[in-house]
Novice: 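Okay, here's the structure, questions in a sec.
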Protein chains: 2
Amino acid sequence: MPNEKNDTKSMSLVEGSAIDDISIDCVILGFNNGTLEVLLVQHGEGDSKGEWGLPGGWIKKEESIDNAANRLLEELTGLDNVFLEQLKVFGDPKRVSFRRVLTIGYYALIKREDDKLKASLVLTDAKWFKIKNIPDLIFDHNEIINYSLKHLRNRVRQAPIGFNLLPEKFTLLQLMKLYEEILDIEMDKSNFRRKILHMKLLKPLDEKQQDVSHRAAKLYQFDQEIYDLLTQKGFNFEF
Amino acid sequence: MPNEKNDTKSMSLVEGSAIDDISIDCVILGFNNGTLEVLLVQHGEGDSKGEWGLPGGWIKKEESIDNAANRLLEELTGLDNVFLEQLKVFGDPKRVSFRRVLTIGYYALIKREDDKLKASLVLTDAKWFKIKNIPDLIFDHNEIINYSLKHLRNRVRQAPIGFNLLPEKFTLLQLMKLYEEILDIEMDKSNFRRKILHMKLLKPLDEKQQDVSHRAAKLYQFDQEIYDLLTQKGFNFEF
DNA sequence: AACCTTATGGTTAATTTGACTACAAGTATA
DNA sequence: TATACTTGTAGTCAAATTAACCATAAGGTT
């Protein structure tokens, strides 16, 4: 809140911030078949009818913006308890024509194989697009996606959030492939394995992969409790 | 921008996002005498008159939010071309009473010894507060400051932005003390020196400290051009 | 001259990294 | 059944990096 000393006392919307409206847009990311994908929806009204864009919506009177983002995400995907973080506000005056609309960007990391998700998506016209093959979107939505990817690449090195894109139980190679895809680099199987196991962050399970046409790999699980314990002791996730 | 298919067609402010107003608040950080400080101002009107808070203001119709933040910063400090980045939006419904006001948080890193700054500040009632000694502020401004510090601690490890808090010419020990203060850790002089010099990021000058009561240290300068060249070649700043 | 304080340059062992090699455990195919 | 093929898992080794030191230099102060 500004120091109003030098300003008009109690500002109405029009005189004050000169913003017509503020929305929320969410970059929903999933990992499928070794590629990162984003969930887009078709715009329903106005000039841009039929064009693709990020799913989004409006903030209600009594809810926090984080709650609003969570609600919108659940309305579309049927999922709750999802990894969801705010990116920032996008506020170019020309991002929407005729009106001054800001949007708060969020990004979510979700598990593609969730049944609730699948059930929810058949009801809508939402569609997954490969990250490397995204069409021209409405407004500044391409910019928002690009920003979210840049942000993700930083974040994934500093905090164990990649797991949110994988099934509950995963192999080390799946995890590595995820990192390779997000960071757009190649890694060494053996060295990756050594590094991640050395962190003692993953819970090894007594299970193996099923139905693969080669030697089945051991399954691991990310355990938030283990992570919290480690960080309390001063452990710092870094990749 | 939301997909409006399931929503009211053209939303007015009240029916749409239900947000009364949106402001900008800026965490201005400086480094003085080995301690990190933040610049606060006294609130002028209303219930919270006399209480301290972050400097802030409103966005104008035709300017981008980054421009708005820069303008507000210059109005207060007289400085332009300052390191200034958006943090995120703070949007708790109860952060301001009676009205629903969001605020976009920014943080700036500035050089305390700048003459323009000094001249500007004598005209206002702004005051520097040590980071470890900040009073209760209006609204959620303590939260915004805490967030900015957490953010800074991450950012300063990944990008060479610390220099923005130091004079143009500085010694390696000054730089180390800055890192120690920001990250709240102790470092080894010798190892720090080796690491930072090894990056070949700093331009060694033919000058030394003046007026110190001990052996004068060599002065260095951060050179954006060198940095850009290095990053082009794939160099990645990490601390 | 003796004594501070900080600057600067090294040493060394421990740890981490990157590039590889080798072999194990399965499936698929001949 | 034998062989090839694919992926999993373990280990080696040299190079690079880090952490913890030590030593000396270069000024000022007493």
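What's counted below: heavy atoms across the whole structure, side chains too, no hydrogens, waters or symmetry copies. Note on naming: letters A, B, ... go to the chains in the order of the sequence lines (proteins, then strands), and numbering restarts at 1 for each one.
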Novice: With a 4.0 Å cutoff (strictly under), does any side-chain N or O of A:Arg193 reach OP1 or OP2 of D:dT9?
Specialist: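 True: A:Arg193 side-chain N/O within range (under 4.0 Å) of D:dT9 OP1/OP2.
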
Novice: Base of C:dA7, side chain of B:Arg215 - is there a donor-acceptor contact under 3.5 Å?
Specialist: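 Side chain to base: pair found, below 3.5 Å.
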
Novice: Taking only Lys NZ, Arg NE, NH1 and NH2, and the carboxylate oxygens of Asp or Glu, determine whether B:Glu181 and B:Lys177 approach each other closer than 4.0 Å.
Specialist: no

Novice: Measure NZ/B:Lys195 against C1'/D:dT18 and give the value in whole Å, please.
Specialist: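 My rounded result for the distance is 8 Å.
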
Novice: Whether B:Glu37 and B:Arg112 form a salt bridge (side-chain N of Lys/Arg under 4.0 Å from carboxylate O of Asp/Glu) is what I want to check.
Specialist: yes

Novice: Determine whether more than 12 heavy atoms belonging to other residues, nucleotides or ligands lie under 6.0 Å from atom NZ of A:Lys111.
Specialist: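 Check passes, neighbour count above 12.
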
Novice: At under 4.0 Å, does any side-chain N or O of A:Lys218 touch on OP1 or OP2 of D:dT9?
Specialist: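 For D:dT9, neither OP1 nor OP2 has a side-chain N or O of A:Lys218 closer than 4.0 Å.
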
Novice: Provide, to the nearest angstrom, the distance between the CD atom belonging to A:Gln174 and the P atom belonging to D:dT9.
Specialist: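 Rounding to the nearest Å, CD of A:Gln174 and P of D:dT9 are 11 Å apart.
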
Novice: Just the rounded figure in Å: distance from P of D:dA19 to CD of B:Glu186.
Specialist: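 Checked: the CD to P distance equals 14 Å.
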
Novice: Identify, between B:Tyr220 and A:Ala216, the residue whose nearest nucleotide on DNA chain C lies closer to the 5' end.
Specialist: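 Of the two residues, B:Tyr220 wins.
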
Novice: Rounded to whole angstrom units, what separation is found between the NE2 atom of B:His198 and the P atom of C:dT8?
Specialist: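 About 19 Å, once rounded to whole Å.
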
Novice: Given atom CD of B:Gln209 and atom P of D:dG28, what is their separation to the nearest angstrom?
Specialist: 12 Å

Novice: Please work out if A:Leu172 contacts a base, only the sugar-phosphate, or nothing of the nucleic acid, heavy-atom cut-off 4.0 Å.
Specialist: nothing

Novice: What's the NZ-C1' distance between A:Lys208 and C:dA25, to the nearest Å?
Specialist: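 Computing the A:Lys208:NZ to C:dA25:C1' distance gives 8 Å.
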
Novice: Taking the nucleotide of DNA chain D with the nearest heavy atom to each, does A:Ser213 or A:Leu197 sit closer to the 5' end?
Specialist: A:Ser213

Novice: Nearest whole angstrom, please: distance from the P of C:dA19 to the CD1 of A:Ile185.
Specialist: 11 Å

Novice: Any chance NZ of A:Lys218 has more than 12 other-residue heavy atoms, nucleotides or ligands included, within less than 6.0 Å?
Specialist: yes

Novice: Check the distance between D:dA14's C1' and A:Asn191's CG and give it to me in whole angstrom.
Specialist: 13 Å

Novice: D:dT29, D:dG8, C:dC20: which one has an atom nearest the side-chain heavy atoms of A:Asp188?
Specialist: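 From the listed options, C:dC20 comes nearest.
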
Novice: Taking any heavy-atom pair under 4.0 Å as a contact, classify A:Lys189: base, sugar-phosphate, or nothing.
Specialist: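 It contacts base atoms.
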
Novice: Picking from C:dA19, D:dA10, C:dA25, which would you name as closest to the side chain of A:Ser190?
Specialist: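 When the side chain of A:Ser190 is considered, D:dA10 is the closest of C:dA19, D:dA10, C:dA25.
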
Novice: Given side chain to side chain contact (heavy atoms under 4.5 Å, CB included), test A:Thr35 with A:Asn133 step by step and report yes or no.
Specialist: CA-CA 11 Å; A:Thr35 53; A:Asn133 196 20; over 6 Å; no

